[in-house]
Enquirer: 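If you scroll down you'll find the structure; I have some questions about it.
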Number of protein chains: 2
Amino acid sequence: MSEVFPETKPERIARLLEAEIRSGVLQDGDALSSESALVERFSVSRSSVRKGLAILATKGLIRKRVGLGSFVTFGGSVIDNERGWSLALSDAGVSMGARILKISRLAMDLAPSGLEGEDVLAVDRIRFREETGAAVTLERARVPWRPDFDQILTDGLEAGSLSRTLESRGIVAVSGEEWANVLPALSPEDAAIMGRAAGEPMLRLRRLTRTGDGAPVEYVESLLDPGLFGLHMEF
Amino acid sequence: MSEVFPETKPERIARLLEAEIRSGVLQDGDALSSESALVERFSVSRSSVRKGLAILATKGLIRKRVGLGSFVTFGGSVIDNERGWSLALSDAGVSMGARILKISRLAMDLAPSGLEGEDVLAVDRIRFREETGAAVTLERARVPWRPDFDQILTDGLEAGSLSRTLESRGIVAVSGEEWANVLPALSPEDAAIMGRAAGEPMLRLRRLTRTGDGAPVEYVESLLDPGLFGLHMEF
DNA sequence: AGATTAGACAGGTTCAAACAGGTATGTCAC
DNA sequence: GTGACATACCTGTTTGAACCTGTCTAATCT
């Protein structure tokens, strides 16, 4: 509808490259041609090519790195769990429910995470087996507080999803770190919350994601039923 | 800090070697392949190999010695402490011994791995703390049998390293998968082997590596001391 | 005025090659 | 057997070239 006015050259370049990415001609991880090659291909100046690539970069479709080039990242930041260890649910048939335990604003309460002392939005959730009622995951997410979070405290999460809620506020994680280890014994407090036996070993996953400029987006600490969850990675 | 997606070659090399070290394929004290051998294996220049090794050296995972080569200096990462992630490796100074339990030829004896029924070379190893004598890792490696493995049964591994032994026979892994989960209770048999208490929870790591054309190279199943070992990943 | 171009420069990445010096081992003379 | 030496292999270091993105400036087009 509103495409009546002429398209700038950067916009045209971005549109054509975006079509190649979305159609699969250029796939996730592929390198784009170098800027000078794109200059030849589109018969425009390097400035226009660079502006076109900048459009794609802000859309999250590509990422650039000095000395290397531009690379397709389509799919990389769509779902947060695409990269890193993927969580493998070993027994697929179980029906699970989810419940939010709390959504609140507080000073960072979890151990070393790079967010010490900061005010955070805290979201604690559990998932549990419908049949037994025992929780299979306990997940504590912490996000550095921003003024526009007030609404979350009253209205809750959008579509029940924290990452969706953050995304709608322009917060997108593109990189991060993840640690996994065995928690030898479930604490009595967490055991009570989860409806499990204290002292049980659990799989503990900790994950810190960051924006493109390195600012922390979200710190998540999860306790997982070791019988149901494992980690899987391809390399 | 580190934008990891478009990965440089040094970063890729460091990541792959780090995975081998952390999963026990390369063990404490093992010599890494020489730089020129790594040049061939990764098809990169020596500069890139050296930068990759430098990354591992700054992480404290290896130590280099002029005229000798690079050696793994890593006894597991302590990530379950309250002091901070960057200190995770500083406790790696514990002196550890290694012992080979058996090297033999047998029909595949480990659970689902894609090698069912095949004849394999089996190498079982443990590593233990010198002070206590308790094993911190128990590792069972299985490699599809090849005729030129006969010599291994009589002469043992080259430089005590299975990966080196395979490499000298032209077997090099370029990709693979890894699974991690919690073993809720150490079996009495394994407990006896490791000198630990039966019923202890352990971190279990399973790893299947493949050659460039998809043929399985090695299946490794490791039981790791959950207090000493964890998994870490950047993305 | 804004879009576009052309050019120059800085700095990161990678490769190839060469040279220096450390370390282990085999060989030869004694 | 011991010591001296050559040799092979290892890491450390430097250089130069080719190619990449990041940034800036000045001129040109519409």
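In what follows, chains carry the letters A, B, and so on, assigned in the order in which the sequence lines appear, proteins first and then strands, with residues in each chain numbered from 1.
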Enquirer: Roughly, in whole Å, what's the span from CZ in A:R12 to C1' in C:dT4?
Expert: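 Rounded to whole Å, this separation is 14 Å.
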Enquirer: Apply side chain to side chain contact (heavy atoms under 4.5 Å, CB included) to the pair B:R169 and B:L166, showing each step before the final yes or no.
Expert: CA-CA 5 Å; B:R169 285 168 173 75; B:L166 295 177; 5.6 Å; no
Enquirer: Going by an N to O cut-off under 4.0 Å, is there a salt bridge joining A:R12 and A:E7?
Expert: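 A:E7 and A:R12: not salt-bridged.
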Enquirer: For the pair A:L53 and A:L38, evaluate side chain to side chain contact (heavy atoms under 4.5 Å, CB included) and give the outcome as yes or no after the intermediate values.
Expert: CA-CA 10 Å; A:L53 294 180; A:L38 293 174; 4.2 Å; yes
Enquirer: So does A:R140 pair up with A:E221, basic N to acidic O under 4.0 Å?
Expert: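 No salt bridge links A:R140 with A:E221.
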Enquirer: Could you tell me whether A:K64 and A:E35 make a salt bridge, using a distance below 4.0 angstrom between a side-chain N and a carboxylate O?
Expert: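 Result for this pair is yes, salt bridge flagged.
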Enquirer: Indicate yes or no: does B:D225 engage B:R196 in a salt bridge with an N to O separation below 4.0 Å.
Expert: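 B:R196 and B:D225: salt-bridged.
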Enquirer: First and last nucleotide of DNA chain D in contact with chain A, 5' to 3', at under 4.0 Å to a heavy atom: what are they?
Expert: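 Range of nucleotides touched by chain A: D:dC20 to D:dT23.
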Enquirer: Which atom pairs link the protein and nucleotides 13-16 of chain C when you take only N or O atoms and keep those under 3.5 Å?
Expert:
unit_1	atom_1	unit_2	atom_2	d
C:dT14	OP1	B:K9	N	2.9
C:dC15	OP1	B:K9	NZ	2.9
C:dC15	OP2	B:S45	N	2.9
C:dC15	OP2	B:S45	OG	3.0
C:dC15	OP2	B:S48	OG	2.7

Enquirer: Write down the distance between CD (B:E35) and C1' (C:dC19), rounded to a whole number of angstrom.
Expert: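 For the pair B:E35 CD and C:dC19 C1', the rounded distance is 15 Å.
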Enquirer: For B:S34 and for A:G69, locate the closest nucleotide of DNA chain D by heavy-atom distance; then report the residue assigned to the nucleotide nearer the 5' terminus.
Expert: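 Looking at DNA chain D, the more 5' nearest nucleotide goes with B:S34.
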Enquirer: With a 4.0 Å cut-off on N to O distance, would you call B:R41 and B:E20 a salt bridge?
Expert: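 A salt bridge links B:R41 with B:E20.
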Enquirer: Could you check whether B:E18 pairs with B:K59 (Lys NZ or Arg NE/NH1/NH2 to Asp/Glu carboxylate O, under 4.0 Å)?
Expert: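 Result for this pair is yes, salt bridge flagged.
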